[in-house]
Protein chains: 2
Amino acid sequence: MNERPLNRGAEKTRRNCHYHHGDLRNALLSAAMELIEAGGIENVSMREIAKMTGVSPAAPFRHFPTRTALLTAVAEEAMDRFVACIEASMHECVENDPLQQFRAIGVGFLRWAIANPTHFQVISARSAIDFENSTLRRRNDAIRTRMSELMQEAARRKLLRPGDLGRYQLAARAMVYGLARMYLDGQFSSWDLDETKALEESVAILDQYISSISA
Amino acid sequence: MNERPLNRGAEKTRRNCHYHHGDLRNALLSAAMELIEAGGIENVSMREIAKMTGVSPAAPFRHFPTRTALLTAVAEEAMDRFVACIEASMHECVENDPLQQFRAIGVGFLRWAIANPTHFQVISARSAIDFENSTLRRRNDAIRTRMSELMQEAARRKLLRPGDLGRYQLAARAMVYGLARMYLDGQFSSWDLDETKALEESVAILDQYISSISA
DNA sequence: ACCTGAACACCGTTCAAGT
DNA sequence: ACCTGAACACCGTTCAAGT
């Protein structure tokens with residue numbers, strides 16, 4: 001729905017040029033995104049992608065050894081944007097308040113998921129991508145580690161009600177993840193077309209939770 | 001992992017009997033569950049199921065018009081157990097405390113999801129099943145309605161901190177759903193093999209949230 | 001270096017025909 | 001009533017061969 005195309009350039013400017021210099025790799029990724037938007041991940045077929053980019057059925061395998069590898073590459077793009085969204089959100093807030101920074105990670109996640117539903121779907125489809133043998137696991141863990149550190153710092157400064165930090169963190173993660181997921185599944189029937197409201201409401205819920213664990 | 005087989009009886013007692021009276025329908029459903037357990041929903045193929053039950057590739061289509069219909073039938077079984085789990089959980093708690101009953105629904109959900117991961121996976125795979133044209137939507141909505149009523153009753157009796165009831169409900173749902181999902185994705189690395197702890201911890205988090213919105 | 005064409009072993013689904 | 005067998009139009013993936 002809302003994905004800005006990052007690399008649409010260099011489509012086939014001439015037909016019948018056999019793609020000998022065109023940017024096939026990116027064309028394949030764009031085609032995959034199109035198919036996912038149209039009918040979900042299982043709608044992605046290597047042959048269809050090949051047809052869309054005007055290339056033989058075997059050509060995509062020069063760039064991605066496997067369908068999973070192609071989808072994993074889409075997930076890597078998704079992760080790029082995810083990380084960028086979190087960074088942007090953290091730069092918006094007071095630098096010295098760890099609880100506000102913790103919140104900013106949640107807000108960044110929500111913004112990213114709601115603005116990039118297709119990418120969110122791809123990263124969540126762990127049986128269709130290779131989460132472990134890629135930078136995905138590493139980058140995801142880095143974010144989790146950052147959250148832990150912020151929680152510990154918040155506890156050190158007595159900003160938190162006494163309690164299990166791991167539990168606080170898990171609760172916040174589950175809530176934010178659940179909200180994003182429910183939005184994507186269309187479970188917020190009332191704000192179906194109103195993604196601004198969906199974001200506002202989700203952030204309000206996150207804020208409510210954070211203030212409930214604040215000292 | 002933990003699914004008790006409900007209808008394992010009447011497997012092919014005699015080979016080569018051409019299944020003229022055996023319970024093919026249930027045999028197909030069991031085979032589907034086996035394949036899902038082994039490799040997720042996209043591992044389910046009509047032809048493989050046919051092979052497993054010793055029947056021709058076309059036979060399953062006498063019982064389910066489509067692969068989606070088969071998977072939807074599995075989802076209906078999942079919903080049966082889900083509803084049963086919630087009922088059981090609600091019968092365990094004080095009848096007259098709406099907030100405890102609200103909690104019981106959450107606990108029932110968590111118990112069900114953790115004990116029946118395969119079924120949870122199927123119901124969550126909304127692009128692989130027909131959620132709308134089945135009893136699934138109806139029964140799911142009934143549970144949501146029950147939650148709304150309990151929240152309203154709790155508010156009436158001044159058991160809740162003043163605030164938006166819809167928001168409380170959404171937050172609780174998102175949290176519980178997120179917890180189940182994260183458990184299934186193996187995101188609780190520490191309690192990987194310890195599903196009792198996973199359940200206890202999840203319930204503790206739910207309780208913490210409910211007490212944070214209690215008056 | 002990058003792509004094609006043909007091939008292989010799989011799919012879901014349909015349909016005439018068998019019992 | 002329930003199943004088979006063959007067929008159709010699809011898959012992902014491989015590999016020799018072309019430019």
Side-chain angles (χ1 to χ4, degrees), chain A residues 10-32 34-36 38-75 122 125 127-130, chain B residues 10-32 34-36 38-75 122 125 127-130:
Chain A
E11 303 272 294
K12 19 177 183 176
T13 43
R14 275 157 228 165
R15 306 258 151 192
N16 277 355
C17 74
H18 296 269
Y19 253 109
H20 257 283
H21 26 299
D23 190 359
L24 182 53
R25 203 192 123 96
N26 281 319
L28 293 170
L29 293 175
S30 301
E34 247 179 78
L35 288 178
I36 298 167
I41 266 191
E42 77 262 13
N43 193 36
V44 173
S45 109
M46 296 301 264
R47 293 182 104 106
E48 182 64 26
I49 286 175
K51 212 176 294 173
M52 288 166 77
T53 55
V55 101
S56 90
F61 292 89
R62 289 293 120 190
H63 297 268
F64 304 100
T66 210
R67 196 185 97 117
T68 299
L70 202 182
L71 292 175
T72 304
V74 176
V122 175
S127 70
I129 65 180
D130 191 346
Chain B
E11 304 270 294
K12 15 177 185 175
T13 43
R14 276 156 227 167
R15 306 257 151 194
N16 277 355
C17 72
H18 298 268
Y19 252 108
H20 258 283
H21 24 298
D23 190 2
L24 182 53
R25 204 192 123 96
N26 281 319
L28 293 169
L29 294 175
S30 301
E34 246 179 77
L35 287 177
I36 298 167
I41 267 193
E42 77 264 10
N43 193 37
V44 173
S45 110
M46 295 301 264
R47 293 181 104 103
E48 182 65 24
I49 287 174
K51 212 175 296 173
M52 288 166 77
T53 54
V55 103
S56 91
F61 292 89
R62 290 292 121 189
H63 296 269
F64 303 100
T66 208
R67 194 185 99 116
T68 300
L70 203 183
L71 292 173
T72 304
V74 175
V122 175
S127 69
I129 66 179
D130 191 346

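The sequence lines fix the lettering, A, B, ..., with proteins before strands; numbering per chain opens at 1.
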Starting at atom [atom1] of [X], determine the distance to atom [atom2] of [N], rounded to an integer number of angstrom.
X: B:M46; N: D:dC11; atom1: CE; atom2: C1'; answer: 17 Å
X: A:N26; N: C:dC2; atom1: CG; atom2: C1'; answer: 16 Å
X: A:R25; N: C:dC3; atom1: CZ; atom2: P; answer: 13 Å
X: B:R47; N: D:dC10; atom1: CZ; atom2: P; answer: 15 Å
X: A:L35; N: D:dC11; atom1: CG; atom2: C1'; answer: 14 Å
X: B:N43; N: D:dG12; atom1: CG; atom2: C1'; answer: 15 Å
X: A:D23; N: C:dC2; atom1: CG; atom2: P; answer: 11 Å
X: A:L28; N: D:dG12; atom1: CG; atom2: C1'; answer: 15 Å

If you compare all heavy atoms of [X] against all heavy atoms of [Y], which two are closest, and at what distance to 0.1 Å?
X: B:M46; Y: B:L70; value: SD-CD1, 3.5 Å
X: A:S56; Y: A:A50; value: O-CB, 3.5 Å
X: A:V74; Y: A:A32; value: CG2-CB, 4.3 Å
X: B:N43; Y: B:L35; value: ND2-O, 3.2 Å
X: A:A75; Y: A:I129; value: CB-CD1, 3.9 Å

Closest to side chain of A:S56, choosing from D:dC11, C:dC3, C:dT4: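 Closest nucleotide to the A:S56 side chain: C:dT4.
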Can you figure out which of C:dT4, C:dC11, D:dG12 approaches the side chain of B:S45 most closely?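 The closest nucleotide is C:dC11.
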Find the distance between OG1 (A:T53) and CG (A:L28) and round it off to the nearest 0.5 Å.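 If I round to the nearest 0.5 Å, the distance is 5.0 Å.
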Counting Watson-Crick and G-U wobble pairs whose two distances are both under 3.5 Å, find the runs of 3 or more in a row that involve DNA chain D.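 Consecutive-pair runs (3 or more) involving DNA chain D: C:4-8 with D:12-16, C:12-16 with D:4-8.
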Side chain to side chain contact (heavy atoms under 4.5 Å, CB included) evaluation trace for A:M52 with A:E34: CA-CA 10 Å; A:M52 288 166 77; A:E34 247 179 78; 3.4 Å; yes
Between B:V44, B:T72, B:I49, which is the residue that forms a side-chain contact (heavy atoms from CB on, under 4.5 Å) with B:R67?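 With B:R67 as partner, B:V44, B:T72, B:I49 yield a single side-chain contact (heavy atoms from CB on, under 4.5 Å), made by B:V44.
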Given side chain to side chain contact (heavy atoms under 4.5 Å, CB included), test B:N26 with B:L29 step by step and report yes or no. CA-CA 5 Å; B:N26 281 319; B:L29 294 175; 4.0 Å; yes
Does anything in residues 57-72 of chain B come within less than 4.0 Å of DNA chain C? Heavy atoms only, and list the residues if so.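 Contacting residues: B:P57, B:A58, B:F61, B:T66, B:R67.
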